[in-house]
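The shown structure was predicted, so the numbers you read here are calculated from the model rather than taken from an experiment.
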Amino acid sequence: LVFGQLLMIKVAGQMRSMVGLRVAVTVASLGIVSILTELLGVTGAGWTAVAVACLFTAGVQTLYLRRVPVAVASMVTSR
């Protein structure tokens with residue numbers, strides 16, 4: 001879903017920002033799986049994958065929109 005954005009984040013040299021995103025998504029996924037499994041059982045555990053994928057996609061998109069234009073602009077002006 002966000003393959004192009006991930007490539008641009010890498011090209012712009014912003015991969016270190018991904019570490020925080022991945023940690024946040026991991027922590028959130030632990031909470032999501034415990035809540036959904038408690039509420040919906042095995043079905044809730046299955047829906048956890050959908051919820052975490054949506055969360056990761058939103059996080060990458062947000063990171064892309066905030067960091068990449070600034071990094072690319074600084075790369076262009078530094079030449």
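- Under a hydrophobic-cluster definition in which Ile, Leu, Val, Met, Phe, Trp and Tyr are linked whenever side-chain heavy atoms come within less than 4.5 Å, directly or via other members, Val50 and Leu39 are assigned to the same cluster.
- When all heavy atoms are compared, the tightest approach of Val52 to Ser29 is CG2-CB, 3.3 Å.
- Taking Thr37 as the reference, Val33, Ala45 meet the side-chain contact (heavy atoms from CB on, under 4.5 Å) condition, with sequence neighbours excluded.
- Interatomic distance, Ile32 CD1 to Thr48 OG1, rounded to the nearest 0.5 Å: 7.0 Å.
- Between Gly31 and Ser34, the shortest heavy-atom distance links the atoms O-OG, 2.9 Å.
- Both Leu65 and Met18 sit in one connected hydrophobic cluster of ILVMFWY residues. Membership requires side-chain heavy atoms under 4.5 Å apart, directly or through other members.
- Inter-residue side-chain proximity for Leu21 and Phe56 is flagged as met; some heavy-atom pair is nearer than 4.5 Å.
- No single ILVMFWY cluster, assembled from side-chain heavy atoms under 4.5 Å apart, contains both Leu55 and Leu30.
- Under the 4.5 Å side-chain heavy-atom criterion for grouping Ile, Leu, Val, Met, Phe, Trp and Tyr, Leu7 is not connected to Val19 through any hydrophobic cluster.
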